[in-house]
*Asks:* 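Here it is, the structure in full.
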Amino acid sequence: MTILLSVTGFDPDRWRGALQAADPAASIVLAPAHAADESIRYAVVWKQPPGLLSTLPNLRAIFSLGAGVDHILKDGTLPDVPILRIVADDLTNRMSEYVVWRVLDHFRKGAAYRQAQARREWVDWPQPAARDVTVGVMGLGELGRDAARKLAALGFAVTGWSRSGRPVEGLTVHGGEAGLKRFLAETDILVVLLPLTPETAGLIDETLLSGLKRRTPLGGPVLINAGRGGLQDEAAILGALEAGTLMEASLDVFQREPLPDDSPLWRHPAVFVTPHAAALSDPDALAPTVMAQIAAIERGEMPSNRVDRAAGY
Ligand code: NDP
Ligand code: OXD
């Protein structure tokens, strides 16, 4: 049994080494040299070339090396086999660190204090209590739920929004289109941890941003997007910052990545840019999970983190 590894933007040798260390007996080969090989039963991928997976006649399952699977599903020629994604404490903790970092920085006026320091200016700003600030988390999956829990532990008022509106202990949850307006109207800091699907593409647009709470304890609403760039209309974000509908933003993901040199987001004083690095997939931490799941499928079991292809996540 052979495992095909196909990664773009990740270091293939590092991943092969980590997968091999997790199961020294496994046969792991690198695409594209080994495409169309009849012995390949599993494909472990990050942004595989379109068409590659349909050349594997005996493929049993596809593994994403991240939590998101939009990079796999955009290949229109995918074979009809289960797709599995990463659900792991290591990745979840990294994302929650990013979310807590960005929420606290906006909440405690990080940008204003950095600018004041550059001017050597001794000045302070009003300091609202966390309990008076509502953080609205869009997407209450593995990542959104953990971030929400950690923000609540810091004392913020936290609410959430998901497709189903499924209850989450300790959280006010709004569901679907019907719950969106109310969710936004209550939100001071919007954290986006949604997957990119046909339903969520372009969701963060002018209408959505103008639905956020206007009179907030921070002086204006804040957007933090670590989901996917395809969720956001960047022109609308810039327009909202200009119009004052939005006060500040932290963006980790972009419509085009790497973010083009000439994007005004790079230089905007109210925008904090990170290069899709909110939660990096660490080979040493995640390879054992992938290999354990392959072993489970070989035993005839199906791991729980299977993607619903129709829903797109
Ligand atoms: P999950 O699949 O566990 O959760 C997805 C959540 O989004 C669920 O709560 C789901 O609702 C909700 N959702 C999906 N579609 C809609 C919709 N149309 N309307 C409202 N809610 C919707 O995903 P994870 O939490 O594991 O990951 C979320 C995303 O984070 C990934 O898909 C990826 O894009 C991104 N990510 C980014 C990283 C980075 O470094 N920037 C790193 C890792 C992930 P319901 O509960 O009803 O199913
Ligand atoms: C992921 C990512 O989906 O890193 O895990 O974006």
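Each residue takes its place number in the sequence, starting with 1. Because the structure is predicted, anything quoted here is derived from the model rather than measured. In listed order, ligands and their atoms are each counted from 1.
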*Asks:* Taking 4.0 angstrom as the limit and counting only heavy atoms of Thr200, give me the atoms of ligand 1 inside it, by number and element.
*Replies:*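 In order of numbering, the contacting atoms are 15 (N), 16 (C), 17 (C), 18 (N).
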
*Asks:* Are any side-chain N or O atoms of Thr197 and backbone N or O atoms of Gly312, one a donor and one an acceptor, separated by less than 3.5 Å?
*Replies:*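 Answer holds: no.
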
*Asks:* Measure from atom 3 (O) of ligand 2 to every heavy atom in Gly68, Gly66, Ser64, Gly9 and give the option owning the shortest one.
*Replies:*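 Among Gly68, Gly66, Ser64, Gly9, the closest heavy atom to atom 3 (O) of ligand 2 belongs to Gly68.
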
*Asks:* Out of all atoms in ligand 1, which are within 4.0 Å of some heavy atom of Val253? Include the element for each.
*Replies:*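 By the 4.0 Å cutoff, the relevant atoms are 41 (N).
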
*Asks:* I'd like to know if the side chain of Glu298 pairs up with that of Tyr42 as donor and acceptor (distance under 3.5 Å, no hydrogens or angles considered).
*Replies:*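 Yes, side-chain donor-acceptor contact under 3.5 Å.
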
*Asks:* For ligand 1, find out whether one of its N or O atoms is nearer than 3.5 Å to an N or O atom of Thr197.
*Replies:*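 Min N/O separation from ligand 1 is not below 3.5 Å for Thr197.
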
*Asks:* Quick check on contacts: which atoms of ligand 2 are under 4.0 angstrom from a heavy atom of Arg228?
*Replies:*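 Counting from 1, the qualifying ligand atoms are 1 (C), 2 (C), 3 (O), 6 (O).
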
*Asks:* So if I count the atoms of ligand 2 from 1 in the order they appear, which ones are less than 4.0 Å from some heavy atom of Ala67?
*Replies:*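 So the atoms of ligand 2 that pass are 1 (C), 3 (O), 5 (O).
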
*Asks:* Verify whether the ring centers belonging to Trp101 and Phe272 lie closer than 6.0 Å.
*Replies:*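 Under 6.0 Å, so yes.
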
*Asks:* Number the atoms of ligand 1 from 1 as they appear, then name those within less than 4.0 Å of a heavy atom of Gly139, with their elements.
*Replies:*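 Counting from 1, the qualifying ligand atoms are 6 (C), 7 (O), 9 (O).
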
*Asks:* To which protein heavy atom is atom 6 (C) of ligand 1 closest, and what is the distance rounded to 0.1 Å?
*Replies:*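 Its nearest protein heavy-atom neighbour is Gly141 N, 3.7 Å.
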
*Asks:* Examine the side chains of Gln232 and Asn225 and answer whether a donor and an acceptor come within less than 3.5 Å of each other.
*Replies:*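 Yes, because at least one side-chain N or O of Gln232 sits under 3.5 Å from a partner of the opposite role on Asn225.
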
*Asks:* Quick one: which ligand 1 atoms are inside 4.0 Å of a heavy atom on Arg166?
*Replies:*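 Near Arg166, meaning under 4.0 Å from one of its heavy atoms, ligand 1 has 45 (P), 46 (O), 47 (O), 48 (O).
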
*Asks:* Tell me: protein heavy atom nearest atom 18 (N) of ligand 1, and distance?
*Replies:*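 Atom 18 (N) of ligand 1 sits closest to the protein heavy atom Glu199 OE1, 2.9 Å.
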
*Asks:* With a 3.5 Å cut-off and no angle check, do the side chains of Tyr313 and Arg85 form a donor-acceptor pair?
*Replies:*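 Side-chain D/A pair, Tyr313 to Arg85: absent.
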
*Asks:* Can you list the ligand 2 atoms lying under 4.0 Å from a non-hydrogen atom of His276?
*Replies:*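 That gives atoms 2 (C), 4 (O), 6 (O) of ligand 2.
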
*Asks:* Counting only heavy atoms not in Glu121, do more than 12 fall under 6.0 Å of its CD?
*Replies:*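 Yes - once you tally the heavy atoms of other residues, nucleotides and ligands closer than 6.0 Å, there are more than 12.
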
*Asks:* Just which atoms of ligand 1 are under 4.0 Å from any heavy atom in Ser164?
*Replies:*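 Counting from 1, the qualifying ligand atoms are 45 (P), 46 (O), 47 (O).
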
*Asks:* Based purely on interatomic distance, does Arg228 place a nitrogen or oxygen under 3.5 Å from a nitrogen or oxygen of ligand 1?
*Replies:*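 Yes; the residue has a nitrogen or oxygen that sits under 3.5 Å from a nitrogen or oxygen of the ligand.
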
*Asks:* Enumerate the atoms of ligand 1 whose separation from the nearest heavy atom of His276 is less than 4.0 angstrom.
*Replies:*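 Taking each heavy atom of His276 in turn, ligand 1 has 39 (C), 40 (O), 41 (N) under 4.0 Å.
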
*Asks:* Quick check for you: to the nearest 0.5 Å, what is the distance between Trp15 atom CH2 and Trp46 atom CH2?
*Replies:*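 CH2 of Trp46 is found 9.5 Å from CH2 of Trp15.
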
*Asks:* Of Asn305, Leu203, Leu194, which has the heavy atom at the shortest distance from atom 13 (N) of ligand 1?
*Replies:*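 Among Asn305, Leu203, Leu194, the closest heavy atom to atom 13 (N) of ligand 1 belongs to Leu194.
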
*Asks:* Hey, what else clusters with Leu73 if you join Ile, Leu, Val, Met, Phe, Trp, Tyr whenever side-chain heavy atoms sit under 4.5 Å?
*Replies:*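 So far as hydrophobic clustering goes, Leu73 is joined with Leu4, Val29, Ile40, Val45, Leu52, Leu53, Leu56, Leu59, Ile62, Val69, Ile72, Leu78, Val81, Ile83, Val307.
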
*Asks:* Below 3.5 Å, N or O to N or O, backbone or side chain included: is there any such pair between Leu143 and ligand 1?
*Replies:*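 Min N/O separation from ligand 1 is below 3.5 Å for Leu143.
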
*Asks:* Could you tell me which atoms of ligand 2, counted from 1 in the order shown, lie closer than 4.0 angstrom to a heavy atom of Ala279?
*Replies:*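 In order of numbering, the contacting atoms are 4 (O).
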
*Asks:* Please find the pair of heavy atoms, one from Leu231 and one from Pro195, that lie closest to each other, and give the distance.
*Replies:*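 Minimum heavy-atom contact is CD2-O, 3.6 Å.
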
*Asks:* Distance check, rounded to the nearest 0.5 Å: Asp105 atom CG versus Glu248 atom CD?
*Replies:*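 The distance works out to 8.0 Å.
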
*Asks:* Using a 4.0 Å heavy-atom cut-off, say whether Met138 meets ligand 1 through its side chain, its backbone, both or neither.
*Replies:*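 Neither; no heavy atom under 4.0 Å.
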
*Asks:* Return yes if a side-chain donor-acceptor contact under 3.5 Å exists between Thr274 and Asp252, otherwise no.
*Replies:*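 On atom types as modelled, these side chains qualify, holding a pair under 3.5 Å.
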
*Asks:* Counting both backbone and side chain atoms, is some N or O of Ala279 under 3.5 Å from an N or O of ligand 1?
*Replies:*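 Yes; at least one N/O pair falls below 3.5 Å.
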
*Asks:* So, His106 and Ser250: side-chain donor and acceptor under 3.5 Å apart, yes or no?
*Replies:*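 Their side chains do contain a donor-acceptor pair, which is all the 3.5 Å distance test asks for.
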
*Asks:* Just going by heavy-atom distances, which of Asp70, Leu231, Leu193, Leu140 is nearest to atom 28 (C) of ligand 1?
*Replies:*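 Closest candidate by heavy-atom distance is Leu193.
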
*Asks:* Are side-chain heavy atoms of Val99 and Leu143 found at a separation under 4.5 Å?
*Replies:*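 Contact flag for Val99/Leu143 side chains = no.
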
*Asks:* Of the protein's non-hydrogen atoms, which lies at the shortest distance from atom 37 (C) of ligand 1, and what is that distance?
*Replies:*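 It is Ala226 O, 3.0 Å.
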
*Asks:* Quick one: does Met95 get an N or O within less than 3.5 Å of an N or O on ligand 1?
*Replies:*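 The answer is no, given that Met95 and ligand 1 share no N or O pair closer than 3.5 Å.
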
*Asks:* Give me the residue, atom name and distance of the protein heavy atom closest to atom 48 (O) of ligand 1.
*Replies:*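 In this structure, atom 48 (O) of ligand 1 has Tyr313 OH, 2.6 Å as its nearest protein heavy atom.
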
*Asks:* Looking only at protein heavy atoms, which one is nearest to atom 3 (O) of ligand 1, and what is the separation?
*Replies:*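 Closest protein heavy atom to atom 3 (O) of ligand 1: Arg85 NH2, 2.8 Å.
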
*Asks:* Determine whether Thr8 and His71 make a side-chain contact, defined as any pair of heavy atoms from C-beta on separated by less than 4.5 Å.
*Replies:*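 With C-beta onward as the side chain, the pair stays apart.
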
*Asks:* If hydrogens are left out, which of Gly227, Pro195, Ser162 has an atom nearest to atom 7 (O) of ligand 1, that is, the closest non-hydrogen atom?
*Replies:*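 The residue whose heavy atom sits nearest atom 7 (O) of ligand 1 is Pro195.
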
*Asks:* What I want to know is whether Trp46 and ligand 2 share at least one N or O pair that is separated by under 3.5 angstrom.
*Replies:*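 Between Trp46 and ligand 2 (N or O atoms, distance only) the closest approach is not under 3.5 Å.
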
*Asks:* Does Arg108 have more than 12 heavy atoms from other residues, nucleotides or ligands lying within 6.0 Å of its CZ?
*Replies:*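 No, not enclosed.
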
*Asks:* Of all the heavy atoms in Phe10, does at least one lie under 4.0 Å from an atom in ligand 2?
*Replies:*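 Flag not set, Phe10 not near ligand 2.
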
*Asks:* Is there a nitrogen or oxygen of Gly165 sitting under 3.5 Å from a nitrogen or oxygen of ligand 1?
*Replies:*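 No, Gly165 has no N/O under 3.5 Å of an N/O on ligand 1.
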
*Asks:* Which atoms of ligand 1 have any heavy atom of Ala67 under 4.0 Å away?
*Replies:*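 So the answer, numbered in order with elements, is 26 (O), 43 (C), 44 (C).
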
